[in-house]
Amino acid sequence: MTLRQILNVLWKRAWMVALVAAVAAAAAAGYLAVRDVTYTSEGSLRLNTLVTDATSTGEIGGVVVDLEVETVTSPDVLDAAASALGEPSGEVLTSAVSASLDDTASTGRLYITAQGMSPEVSQERAAAVMSAYSAYVVTQVDTALSTLTQRHQAAIEQAQELQRQLTANPENVIASTNLTLALSRMSMTQSAIDELTAAADPTSVVREPAPGVTADPSVLTTLLLAIVTGLVLGMGVVLIRDQFDNRLRSIDEIKRLTRVPGLGELGWDRSVRRLDPPLPVAGRQRTDLSEGLRSLRASIQVLVPRQQSVVVITSVEPGDGKSFVSANLALAWARAGKKVIVVGGDLRRPDLSRYFGDAADGEGLAELLDKQGVEGDPTIDDVASRLNATDYPGLQVLPSGAEPIDPADLLAGPRLARVFGHLRDLADVVVIDSPPAMGLADAALLTAHSDGAVVIASVRRTDRTLLTEAVGGLEATGGEVLGVVVNRGTRKLPKTYAVYYLQRGASRGRDDSDETEHDPDSDGEALIPERDRIREVTVPEVSGRRALGVRPQETA
């Protein structure tokens, strides 16, 4: 896909992107409403040299102490901190407290971090753990000093006893050796005691814990991130859905899919629902839809320039609007001065009565094709006798008639060609309202005896594969497909065009087509009102031949 196509898809499905972004924002808001925000506070202690060494060696002056960093989270420390905080036990703090030691200098720094559900709670926990740990270190140092003092006193007493033994027996070698060792212990313990007593406080506060801060993203950041993620995800969903969506999107795809031209795009007009009957070309108001139908009339007239032509209007599936186009196209030709017959070719589900009332009811095509309806080959008088006049000059209706047992068998008989031949003699243009082309042989049988078929497809509804199969099925029986008309399109006329032509015509308060003069013997160019010549566009070449005869008039 090109960048333009991607942007076009995203613009058409902007509501889906917005919906995904809104869902993501709502999910983020729900998460913010139930999430537990954790705050973290940190403080630091300076440990003196002896305590710093003891964290790795596990002893002070030869006395074993428990001063590893892990003791910060031991029950001895956390229970004391919990008691100070008024909490039931230290287990509450086990997962909320952590510690790390920086011993790169002679005096280490111990960082204690505590978490809580509010800034104040985390600050109080960090301060309580620091205080409890400092008290624990003092206890360990005091224990070491007491032990060293006891060892020193024991060494003194032992030395005194050995000295008495040597005085009594100067030759006592064992007593002399033991005295030397005792004196050495006295010296060592004394040195350790002196070092311990001369050392600075075991711990000192470097930085008091501050009110905790949270590492969780803020509410605004979370919402913005959710919206951005939703937009990206929504665009991804739209593009993926577009790739797997096989529905027809625009008239630009027709030539590539079917190798037949796109004859025009009829816009979606909600006001048609209020019309009774739904014949917008019969009104005085100029709309995109009514002008589009007149342009379609001119396009077909260029492709089928012969007099007394028969055109089949079919569709890919039911509901594409083939009866609507048939009725309005026939009326557009009649208002241009043509003698027109619209035929109810849909023998299964006729729908022309919605547009022409009682004129579309009664005996018609089915009776002409049925041997029991008309004995022998149908004559032109038989056909003419079943034509019903409408409220519109120049327009007659051949009803579909009673529904036969097997419409396809009836249409496959030799009488259809004779009926179509008589219809050509009775009118300038014969418009056949055919059943849908998919799944039924009726449309192909009707097309085989006509000058060509026009296939109606719907934007965002018709499957591309079905469209291709429908056109191929019509061509397979020897019929010619003039082109495809895209119904329910969203393409609008330029504002400058609408203001100059549509509103200008509406302000006149009259229908220009009623004043059109024509010559029955002309080739059809004079039958097209001047306003319709302005609306018509150049029709592309039809595969296998070039459209001859009447060409739309160009305007500057």
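Of the N and O atoms on the side chains of Asp382 and Thr379, at least one donor lies less than 3.5 Å from an acceptor on the other residue.
Electrostatic pairing of Asp351 and Arg354 counts as a salt bridge here, judged by a charged N lying under 4.0 Å from a carboxylate O.
Taking each heavy atom of Ser309 and Val304 in turn, the nearest pair found is CB-CG1, 3.4 Å. Residues Gly116 and Val121 come closest through the heavy atom pair CA-CG1, 4.0 Å. The nearest pair of heavy atoms linking Ala21 to Leu231 is CB-CD2, 3.7 Å. Considering every non-hydrogen atom in both Thr314 and Ala443, the closest pair reads OG1-CB, 3.6 Å. The shortest heavy-atom contact between Ser326 and Val342 is O-CG2, 4.4 Å. Across every non-hydrogen atom of Val484 and Val471, the tightest pair is CG2-CG2, 4.3 Å.
Take Glu317 and apply the salt bridge (charged side-chain N to carboxylate O under 4.0 Å, His left out) test, not counting sequence neighbours, and it matches no residue. For Thr477, the side chain to side chain contact (heavy atoms under 4.5 Å, CB included) partners at least two apart in sequence or on another chain are Ala444. In terms of the side chain to side chain contact (heavy atoms under 4.5 Å, CB included) criterion, residue partners of Arg418 (sequence neighbours excluded) are, by chain and number, Asp377, Pro414. Scored by the salt bridge (charged side-chain N to carboxylate O under 4.0 Å, His left out) test, Arg415 finds no partners at all (sequence neighbours excluded). The side chain to side chain donor-acceptor pair (under 3.5 Å) check on Asp361 picks up nothing, with sequence neighbours excluded. Annotation: side chain to side chain contact (heavy atoms under 4.5 Å, CB included) contacts of Thr214 (sequence neighbours excluded): Val37, Tyr39, Asp216. Qualifying salt bridge (charged side-chain N to carboxylate O under 4.0 Å, His left out) partners for Arg386, counting only residues two or more places apart in sequence or in other chains: Glu363. Applying the salt bridge (charged side-chain N to carboxylate O under 4.0 Å, His left out) test to Arg461 and every residue at least two apart in sequence or in another chain returns Asp320. Residues forming a side chain to side chain contact (heavy atoms under 4.5 Å, CB included) with Leu32 (at least two apart in sequence, or on another chain): Arg35, Val219, Thr222, Leu223. Every residue two or more places apart in sequence or in another chain was checked for a side chain to side chain donor-acceptor pair (under 3.5 Å) with Ser95, and none qualifies.
Going from atom CZ of Arg460 over to atom OG1 of Thr462 covers 11.0 Å, rounded to the nearest 0.5 Å. Here the NE2 atom belonging to His449 is positioned 8.5 Å from the CG atom belonging to Leu411, to the nearest 0.5 angstrom. Residue Lys12 holds its NZ atom at 12.5 Å from CG of Leu7, rounded to the nearest 0.5 Å. Summarising the geometry, atom CG belonging to Leu289 is positioned 10.0 Å from atom CZ belonging to Arg294; distances are rounded to the nearest 0.5 Å. Considering OG1 of Thr390 and CG of Leu352, their distance stands at 11.5 Å, rounded to 0.5 Å.
Legend: salt bridge (Lys or Arg N to Asp or Glu O under 4.0 Å) pairs involving residues 429-449, not counting sequence neighbours, sorted by first then second residue: Lys322-Asp433, Arg348-Asp442.
Looking only at side-chain heavy atoms (C-beta outward), Ser122 and Thr40 stay at 4.5 Å or farther from each other. Side-chain atoms of Ile456 and Phe324, non-hydrogen and from C-beta on, never get closer than 4.5 Å to each other. Ile300 has its side chain out of reach of Val429: every pair of non-hydrogen atoms, C-beta onward, lies at least 4.5 Å apart. Under the 4.5 Å side-chain criterion, counting only non-hydrogen atoms from C-beta, Leu293 is in contact with Pro280. No side-chain heavy atom of Val325 sits less than 4.5 Å from a side-chain heavy atom of Val454. Side-chain atoms of Leu248 and Ile254, non-hydrogen and from C-beta on, do get closer than 4.5 Å to each other. For the pair Asp451/Glu480, no side-chain contact is recorded, criterion being any heavy-atom separation below 4.5 Å from C-beta on.
Side chain of Arg424 to backbone of Gln308: a donor-acceptor contact under 3.5 angstrom is found. The main-chain N or O of Ala332 is found under 3.5 Å from a side-chain atom of Arg297 such that the two form a donor-acceptor pair. Side-chain atoms of Glu291 do not come within 3.5 Å of backbone N or O of Asp288 as any donor-acceptor pair. Remark: side-chain polar atoms of Ser458 are not paired, donor with acceptor, to backbone N or O of Asn487 under 3.5 angstrom.
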If you look only at distance, which donor and acceptor atoms sit under 3.5 Å apart when one is on a side chain in residues 394-404 and the other is two or more places apart or in another chain?
none

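Other residues, nucleotides and ligands place no more than 12 heavy atoms under 6.0 Å from the CG atom of Asp391.
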